[in-house]
Protein chains: 2
Amino acid sequence: MKLIRLFSIAALFVVILRLPALAADALPSWNDGRAKQSIVASVEKVTKEGSPDFVPVAERIATFDNDGTLWAEQPIYFQLAFALDRVKALAPQHPEWKDKEPFASLLKGDVKGALAGGEPAIFQIVMATHAGMTTAEFEQIVKDWIATAKHPTTKRFYTEMVYQPMLELLVYLRANGFKTFIVSGGGIEFMRPWTEKAYGIPPEQVVGSSIKTKFELRDGKPVLVRLAELNFIDDKTGKPVGINQHIGRRPIFAFGNSDGDQQMLEWTAAGSGTRFMGLVHHTDADREWAYDRKSHIGTLDKALDEANAKGWTVVDMKKDWKVIFPFEK
Amino acid sequence: MKLIRLFSIAALFVVILRLPALAADALPSWNDGRAKQSIVASVEKVTKEGSPDFVPVAERIATFDNDGTLWAEQPIYFQLAFALDRVKALAPQHPEWKDKEPFASLLKGDVKGALAGGEPAIFQIVMATHAGMTTAEFEQIVKDWIATAKHPTTKRFYTEMVYQPMLELLVYLRANGFKTFIVSGGGIEFMRPWTEKAYGIPPEQVVGSSIKTKFELRDGKPVLVRLAELNFIDDKTGKPVGINQHIGRRPIFAFGNSDGDQQMLEWTAAGSGTRFMGLVHHTDADREWAYDRKSHIGTLDKALDEANAKGWTVVDMKKDWKVIFPFEK
């Protein structure tokens with residue numbers, strides 16, 4: 001009996017002793033290494049009251065790119081997959097598309113051929129699928145698609161292809177008083193219907209590209225109609241502009257993965273005090289994809305050079321992440 | 001002794017009995033009446049768990065116009081007073097203004113003459129005073145002005161000319177889980193430097209009109225330069241557009257004071273469930289100003305008709321507000 005009792009007490013001690021360590025590891029999917037250490041060091045510095053690096057809660061703004069930073073972006077941006085699916089769905093209402101590029105190629109299943117038209121082709125596809133309806137109608141279209149569409153290679157829902165280590169990071173930051181924002185080149189109204197569920201980020205904390213909308217009364221009921229006219233491109237030099245426009249404060253923590261995020265990181269770095277600038281480097285061809293300087297999607301070239309030159313944190317996906325997607329657990 | 005004791009106990013009872021009533025009156029500067037009752041009824045409905053009108057905290061969005069709703073707007077919009085002060089301050093750097101309208105009239109103290117040029121004149125004044133500097137420089141200019149400039153008739157700081165009953169309403173809504181936003185025709189970057197202190201509304205919850213900004217590296221340091229080009233007018237039909245763009249959710253509670261707020265109130269009203277639509281009617285020529293249908297500033301005409309027709313709440317400033325400005329207390 002005495003031995004058992006001693007054993008229980010010892011076990012209890014072990015449990016008690018391990019508790020702080022367990023509680024402290026809010027980032028279990030991150031391997032111990034420079035990336036994780038730099039994140040934790042930065043957060044601990046700005047949250048330590050009385051320290052010269054302390055930042056009041058109201059100013060703890062963290063901004064995250066979405067494509068390739070919070071969820072995957074290969075083999076094509078997921079919003080482009082959405083647009084292509086919409087072209088197919090809308091084709092019966094557009095018999096003229098059979099003979100009109102880029103739609104004709106798309107409808108024959110020739111995505112490469114369709115995109116050969118470059119930006120004007122993409123613009124046509126986006127406007128044909130993203131404009132002409134009310135904001136409420138578009139929201140429903142996105143909700144229906146995100147609830148049913150599957151990724152072409154993994155056959156997973158797109159919202160399953162979010163990065164587990166980044167989900168943990170978002171929770172960790174919020175637990176430390178940060179307000180977490182998305183600042184993405186993707187469409188603001190394409191993201192908002194699902195970001196709260198996927199990331200815990202509410203619509204009012206999503207910044208993205210947009211087309212213009214117009215207020216109208218239809219049968220006496222007010223609607224916002226989505227127009228086939230660009231409003232704002234939230235990419236590259238547009239990201240600091242979008243951050244200033246929507247948030248009105250400079251982030252102290254920012255994460256991206258491509259040259260499209262370079263100016264957001266520069267803007268973040270240019271403030272005073274402790275700041276965290278991070279890039280996800282896609283280095284894992286087995287578990288995810290490996291690409292950087294020469295990729296057309298998520299090109300990471302100049303931003304990688306600047307990160308290396310300035311000591312920003314570069315996450316080596318293969319080495320730093322124990323798990324990539326939540327479904328691996 | 002016994003009598004005193006009895007008295008003390010009785011007094012204690014009175015205190016205890018009055019406590020709930022005191023705690024419940026989060027709106028002490030509002031007279032009891034239909035306006036106050038409709039506010040409280042609406043908030044109690046949407047916050048009562050299990051009720052069919054219950055709204056989850058995340059969706060409790062409240063939007064407020066600024067000029068004439070949260071602070072005064074007579075005899076001229078305060079941002080216009082700022083612009084006029086800036087013209088005077090900048091005049092030494094612009095000798096050409098002496099012979100150029102609308103600046104020439106302004107510099108002679110003839111505000112009416114300067115504004116006789118209508119919208120193009122105002123546009124010129126705004127761009128000459130709001131563009132051409134970085135966002136950080138403009139923020140400092142606004143901070144300096146708001147800390148020193150005085151209202152022409154009351155000789156108070158402009159941030160003293162906020163409405164005490166509305167300050168109480170903002171606090172009351174936030175205590176009930178609402179997120180409070182400003183949705184103003186005023187300049188977004190003119191408001192953000194002082195709204196947190198004046199109203200408890202942080203920069204990221206301020207929606208307003210804006211000019212375009214451009215990201216640049218100056219001596220290797222990133223800046224956002226304010227361009228003499230309109231970006232967005234957050235007024236009338238622009239308010240629902242701005243709400244959708246910035247917040248991405250429909251408000252359930254909205255307050256304005258002029259025809260510029262009509263579409264925001266319509267947009268708010270068009271959602272399902274319990275909603276509150278309110279207008280401040282300036283009816284107190286003694287304590288504030290009395291104006292509505294025929295005023296050039298804060299015209300309240302069509303929106304007043306719609307409010308009356310649809311049963312929206314119209315605050316009669318003279319009857320509904322015990323105190324108008326905090327300095328009266």
Side-chain angles (χ1 to χ4, degrees), chain A residues 57-59 61 134-136 139 179 181 188-189 191-193 195-196 200-208 210-218 220-227 231-232 236-250 262-271, chain B residues 57-59 61 134-136 139 179 181 188-189 191-193 195-196 200-208 210-218 220-227 231-232 236-250 262-271:
Chain A
V57 165
E59 292 166 26
I61 302 292
T134 68
T135 52
E139 183 183 350
K179 215 175 210 180
F181 288 82
I188 191 166
E189 299 210 46
M191 295 183 282
R192 282 173 164 166
T195 55
E196 191 151 32
I201 297 181
E204 63 269 28
Q205 285 162 226
V206 177
V207 183
S210 56
I211 57 177
K212 287 197 192 294
T213 61
K214 184 169 174 281
F215 180 88
E216 270 183 29
L217 291 175
R218 288 189 176 174
K221 206 179 146 63
V223 293
L224 290 171
V225 182
R226 293 169 57 80
L227 308 179
N231 180 55
F232 180 64
K236 301 186 193 290
T237 58
K239 289 208 175 190
V241 171
I243 287 170
N244 185 61
Q245 178 71 14
H246 277 254
I247 309 176
R249 300 194 209 251
R250 193 191 297 263
Q262 188 174 8
Q263 288 80 9
M264 172 171 77
L265 300 181
E266 288 171 349
W267 181 244
T268 303
Chain B
V57 166
E59 292 165 27
I61 303 293
T134 68
T135 52
E139 184 183 349
K179 216 175 209 179
F181 288 82
I188 192 166
E189 299 210 47
M191 295 183 281
R192 282 173 164 165
T195 55
E196 190 151 31
I201 297 182
E204 62 270 27
Q205 285 161 226
V206 177
V207 183
S210 56
I211 56 177
K212 286 196 192 294
T213 62
K214 185 170 175 280
F215 179 89
E216 271 183 29
L217 290 174
R218 288 188 177 174
K221 204 177 148 64
V223 293
L224 290 172
V225 181
R226 292 170 58 81
L227 308 179
N231 181 54
F232 180 63
K236 300 188 193 287
T237 58
K239 288 208 176 190
V241 171
I243 287 170
N244 185 62
Q245 179 72 14
H246 277 255
I247 309 176
R249 302 193 209 252
R250 192 190 300 261
Q262 188 174 7
Q263 289 80 8
M264 172 170 80
L265 299 181
E266 289 172 348
W267 182 242
T268 302

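In what follows, every chain begins at residue 1, and chains take the letters A, B, ... in the order their sequences are listed.
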Q: Counting only heavy atoms closer than 4.5 Å, note whether B:Ser210 contacts chain A via side chain, backbone, both or neither.
A: side chain

Q: Which residue out of B:Thr213, B:Asn231, B:Val206 racks up the most heavy-atom pairs below 4.5 Å with chain A?
A: B:Thr213

Q: Does A:Ile247 reach the side chain of B:Pro203, with side-chain heavy atoms less than 4.5 Å apart?
A: no

Q: At what distance, to the nearest 0.5 angstrom, does CD of A:Glu59 lie from CD of B:Glu196?
A: 8.0 Å

Q: State the CD-CD distance between A:Gln245 and B:Gln245, to the nearest 0.5 angstrom.
A: 8.0 Å

Q: Can you name the residues that form a side-chain contact (heavy atoms from CB on, under 4.5 Å) with A:Pro222, not counting sequence neighbours?
A: A:Phe215, A:Leu217, B:Glu266, B:Trp267, B:Ala270

Q: Going by salt bridge (Lys or Arg N to Asp or Glu O under 4.0 Å), name the residues that satisfy it together with A:Lys179, two or more places apart in sequence or in a different chain.
A: B:Glu204

Q: Tell me, side chain or backbone of B:Leu224 under 4.5 Å from chain A's heavy atoms, or both, or neither?
A: both

Q: Identify which part of B:Val207 has an atom lying under 4.5 Å from any heavy atom of chain A, answering side chain, backbone, both or neither.
A: neither

Q: What option among B:Ile188, B:Ile61, B:Val241 has the most heavy-atom pairs under 4.5 Å with chain A?
A: B:Val241

Q: Is B:Glu216 close to chain A through its backbone or its side chain, or both, or neither, when contacts mean heavy atoms under 4.5 Å?
A: neither

Q: What part of A:Thr135 gets closer than 4.5 Å to chain B, counting heavy atoms only: side chain, backbone, both or neither?
A: side chain

Q: Heavy-atom distance under 4.5 Å to chain A: side chain of B:Phe232, backbone, both or neither?
A: neither

Q: Are the side chains of A:Lys214 and B:Thr237 in contact, using a 4.5 Å heavy-atom criterion?
A: no

Q: Could you tell me which non-hydrogen atom of A:Asn244 sits nearest to which non-hydrogen atom of B:Arg192, and how far apart they are?
A: O-NH1, 2.7 Å

Q: Need one label for A:Glu139: side chain, backbone, both or neither, based on atoms under 4.5 Å from any heavy atom in chain B.
A: neither

